[in-house]
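All of these numbers come straight from a predicted model, not from anything done at the bench.
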There are 2 protein chains.
Amino acid sequence: MAESDSMTKPKPTPGPGPATMAQIAERSGVALSTVSYVLSGKRPVSPAMRDRVLAAVAEFDYRPHGPARALASGSSHTIALFLPSPHWDLIPVQQTFVAGATQATSASDYALLLSTAASDPETIVRLVATHRADGVILMETLTHDPRIEKLQAAGFPFCLIGRTADTSGIGYVDIDYGSAVRTSLEHLVELGHRCVALFNFPQDQLDAGYASALIARDAFEVATAELGIRGIHLTCPHPPQEAFAVAACLLASEPECTAAITTGWQFTGLLRALRAANLHVPDEFSVVSVIAAQYAEMLTPALTGIEWPAFEAGRLAAEMLIERLADDSVTQRQLLIGGELVIRESTGPAPATPPSKRTNSRKRIPPPETRNLVQTQRT
Amino acid sequence: MAESDSMTKPKPTPGPGPATMAQIAERSGVALSTVSYVLSGKRPVSPAMRDRVLAAVAEFDYRPHGPARALASGSSHTIALFLPSPHWDLIPVQQTFVAGATQATSASDYALLLSTAASDPETIVRLVATHRADGVILMETLTHDPRIEKLQAAGFPFCLIGRTADTSGIGYVDIDYGSAVRTSLEHLVELGHRCVALFNFPQDQLDAGYASALIARDAFEVATAELGIRGIHLTCPHPPQEAFAVAACLLASEPECTAAITTGWQFTGLLRALRAANLHVPDEFSVVSVIAAQYAEMLTPALTGIEWPAFEAGRLAAEMLIERLADDSVTQRQLLIGGELVIRESTGPAPATPPSKRTNSRKRIPPPETRNLVQTQRT
DNA sequence: CTGTTAGCGCATTCAG
DNA sequence: CTGAATGCGCTAACAG
């Protein structure tokens with residue numbers, strides 16, 4: 001069964017390491033550049049030579065050397081996505097971006113580089129400056145975002161999930177928190193609610209200029225005014241315990257409030273506070289959240305919600321950026337997606353019960369010290 | 001305010017594009033190689049020259065060209081992580097891996113490449129073969145995994161989240177589903193339960209050889225036997241509706257079953273089925289799930305669970321791989337983590353009610369046809 | 001249509 | 001301790 005000495009190396013693996021273009025050029029008896037051209041198709045090549053080259057490519061299992069190609073061509077064929085804060089794992093919806101972006105990137109034969117860089121413009125610029133990525137996707141965008149300014153100043157291609165104050169010439173995909181809040185409100189008003197609370201993003205995010213938070217707040221104020229109802233704007237941290245405290249305060253101090261909207265994960269604390277206050281959802285209190293169906297349907301009761309198509313958002317952002325890299329004269333698209341209301345179990349007609357009676361049924365509420373509704377989150 | 005003509009180009013930006021080593025060598029009057037050595041520290045350089053070089057580096061805001069470095073050095077300083085199926089967004093815990101891996105990678109000054117490749121060994125090998133990544137992390141490992149065989153055959157460094165049948169010489173980090181199941185079971189037996197169901201991963205994953213599913217099943221069979229209780233092994237899809245059907249069926253046909261363990265997201269359907277059957281948790285039925293605290297605490301009742309430290313797992317896997325890349329003589333670590341039981345609200349003493357009576361109370365299990373409670377409203 | 005050639009930016013070997 | 005020279009593998013002018 002032993003092969004003859006002259007046959008120790010049949011032919012499939014000529015050299016030890018991976019094959020290079022030079023090797024396949026030699027093997028197929030053509031010029032190095034011809035190999036390059038049959039591979040890239042950037043120049044017509046006669047069928048005869050093409051076949052010879054492709055045969056050698058198959059035979060050697062040749063793979064182009066990525067970095068070498070990047071060096072010579074000036075493009076890494078890679079985009080980078082920066083994850084927000086280290087605590088991002090607390091907000092599942094953001095993780096779904098990544099899945100969407102990954103799929104779109106892989107589909108376009110690009111590579112996706114992931115990095116953490118909470119708010120450090122330098123780290124972000126570096127990836128592109130070192131030519132490791134051709135462009136970047138940013139999330140958790142601020143109204144005035146230093147990262148974006150730096151990226152613009154350096155002339156690096158980028159795309160946002162979210163948006164800034166001045167969006168001129170900037171491509172982005174964002175959920176329309178404005179219409180989300182308005183749609184939710186209209187739904188609640190139709191059901192007869194006359195006093196609705198908004199559990200907005202935490203105060204520190206508002207202070208930092210987190211665009212979605214500002215948009216939600218403004219939309220809430222405008223819409224409550226136009227609809228002629230009372231609106232209570234709360235800034236509320238996402239973690240259950242802290243959200244619980246904020247919600248408990250609201251329930252204690254605002255008996256006439258019969259419904260709430262949450263911009264995110266705050267519903268956890270809210271639902272818990274409602275249970276603690278012995279208020280039934282939706283008979284005595286209605287809840288609408290901006291939330292992916294996956295989570296909305298997992299809860300009891302299932303949450304009426306504004307669908308947040310995070311996977312789509314990630315996919316679109318990646319596609320947008322890649323499109324721009326391929327043709328930088330392309331007009332930057334600006335997409336507002338989502339905002340579709342899905343009615344589930346957590347909303348219902350406003351209770352007819354007079355406020356006084358309802359106030360009565362609340363005895364286990366936290367002490368007054370915690371009554372500061374608009375509070376700041378500490379990390 | 002206009003500068004003189006001779007000053008149009010003060011000095012901070014000498015050339016238009018990014019600076020190269022050659023430029024900073026020229027600027028600081030040293031040899032190209034000297035610049036390389038002060039930057040890499042691989043050779044002693046006199047303080048005088050070092051300072052001149054560093055000054056020029058700062059002045060030009062020089063950044064080493066990643067691909068060029070990779071080409072010359074033969075290492076891309078990058079690792080790749082492959083996401084499982086396209087449906088992975090349904091299983092949040094897996095997403096948290098990515099966060100952990102990203103953090104560890106960034107911390108080690110490596111880059112993390114994300115890619116989708118359900119079960120395609122070719123795609124996985126390609127990233128390394130093209131020198132775009134030095135090694136890869138695989139998740140959703142099968143007992144006999146073609147991807148791993150290919151990686152081993154090619155001699156490419158890798159690390160698993162999960163594990164294979166033959167783990168010799170393979171580095172991995174995995175949750176210990178075996179002890180997770182046993183610990184859960186012991187907890188339930190202590191509470192007096194004598195018949196427990198396991199909602200294992202779906203049948204197709206078992207068939208495919210998904211290691212965690214097999215381990216859970218085997219551990220369940222061994223532990224129920226040893227503890228002298230009856231075990232009902234179910235393979236159950238994660239999606240709520242399908243899990244609901246499986247759970248409803250169990251409740252209808254096995255009145256003596258008073259508790260269940262779920263390996264993952266199946267608890268959603270189970271909880272819904274319990275409600276539909278009018279069985280109170282934990283008074284009439286206990287539930288334990290393998291689940292991250294974040295989700296366990298979001299539910300009503302909060303789920304007693306085996307903590308799945310996904311972030312840690314991702315972090316450890318990345319660190320492990322990077323360590324191995326730095327020194328390939330390092331012994332492959334094999335880590336089984338997690339398995340810690342956290343008792344919350346969903347487990348309690350086994351009900352004393354005789355099976356016959358309980359069977360009686362189950363009439364309102366809704367027929368599958370009427371279960372569509374989700375409706376959509378257009379904006 | 002095809003071959004020759006010159007770099008891309010950096011790491012590294014070899015002289016000095 | 002330092003400088004000059006070579007090559008990593010590929011792309012893209014440039015000649016034929």
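Closest to the A/Thr20 side chain, of the nucleotides D/dC10, D/dA12, D/dT2, is D/dC10. The listed nucleotides are D/dT2, C/dC10, C/dT12; the one nearest the side chain of B/Arg69 is C/dC10. Of the candidates D/dG3, D/dC10, C/dG3, the closest approach to any side-chain atom of A/Val30 belongs to C/dG3. Checking C/dC10, C/dC8, D/dA12 against the side-chain heavy atoms of B/Ala68 singles out C/dC10 as nearest. Side-chain proximity of A/His65 to D/dG9, D/dG3, C/dG3: nearest is D/dG9. Between C/dG9, C/dT13, D/dC10, one nucleotide has an atom nearer to the side chain of B/Tyr37 than all others, and that is C/dT13.
Nucleic acid contact class of B/Ser36 (heavy atoms, under 4.0 Å, all strands): base. Within the nucleic acid shown, A/Arg50 has no heavy atom closer than 4.0 Å to any nucleic acid atom. If you check every strand for non-hydrogen atoms under 4.0 Å, A/Val35 touches nothing. A/Pro64 comes within 4.0 angstrom of sugar-phosphate atoms only, judged by non-hydrogen atoms across all strands, and of no base.
Although no hydrogens or angles enter the test, the distance criterion places no donor-acceptor pair under 3.5 Å between the side chain of A/Asp134 and the main chain of A/Ile79. A donor-acceptor contact shorter than 3.5 Å links the side chain of B/Gln334 to the backbone of B/Thr167.
The separation between B/Met21 atom CE and C/dG7 atom C1' is 17 Å, rounded to whole Å. In this entry the distance linking CZ of B/Arg52 with P of D/dC1 reads 16 Å, nearest Å. The separation between A/Glu26 atom CD and C/dT2 atom P is 19 Å, rounded to whole Å. Rounded to an integer number of Å, the gap from CD of A/Gln23 to P of D/dC8 is 11 Å. Distance A/His131 NE2 to C/dC10 C1': 13 Å, rounded to the nearest Å. Between the P atom of C/dC10 and the CZ atom of B/Arg63 lies a distance of 13 Å, rounded to the nearest Å. A straight line from CG of A/Leu32 to C1' of D/dG9 spans 8 Å, rounded to a whole angstrom. The distance between atom CG of B/Leu39 and atom P of C/dT12, rounded to the nearest whole Å, is 13 Å.
More than 12 heavy atoms of other residues, nucleotides or ligands shown are found within 6.0 angstrom of CD on B/Gln152.
Applying the 4.0 Å criterion to OP1 and OP2 of C/dT12, one finds that B/Lys42 has a side-chain N or O inside that range. The side chain of B/Ser40 contributes no N or O atom lying less than 4.0 Å from OP1 or OP2 of C/dA11.
Of the two residues contacting DNA chain C, namely A/Leu71 and A/Ala31, the nearest-nucleotide position lying further toward the 5' end is that of A/Ala31. A residue-by-residue look at B/Arg43 and B/Ser73 shows that B/Arg43 has its nearest nucleotide of DNA chain D further toward the 5' end.
Note that CD of B/Gln332 is 9.5 Å distant from CG of B/Leu160, once rounded to the nearest 0.5 Å.
Between the base of C/dG3 and the side chain of A/Thr34 there is no donor-acceptor pair shorter than 3.5 Å. For A/Ser33 against C/dT4, a side-chain N or O and a base N or O form a donor-acceptor pair under 3.5 Å.
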Residues A/Glu122, B/Arg63; criterion salt bridge (Lys or Arg N to Asp or Glu O under 4.0 Å); working and verdict: CA-CA 12 Å; A/Glu122 162 56 22; B/Arg63 324 279 192 136; 2.9 Å; yes
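Two residues are said to be in side-chain contact when any heavy atoms from C-beta on lie closer than 4.5 Å; A/Thr34 and A/Leu32 fail this criterion.
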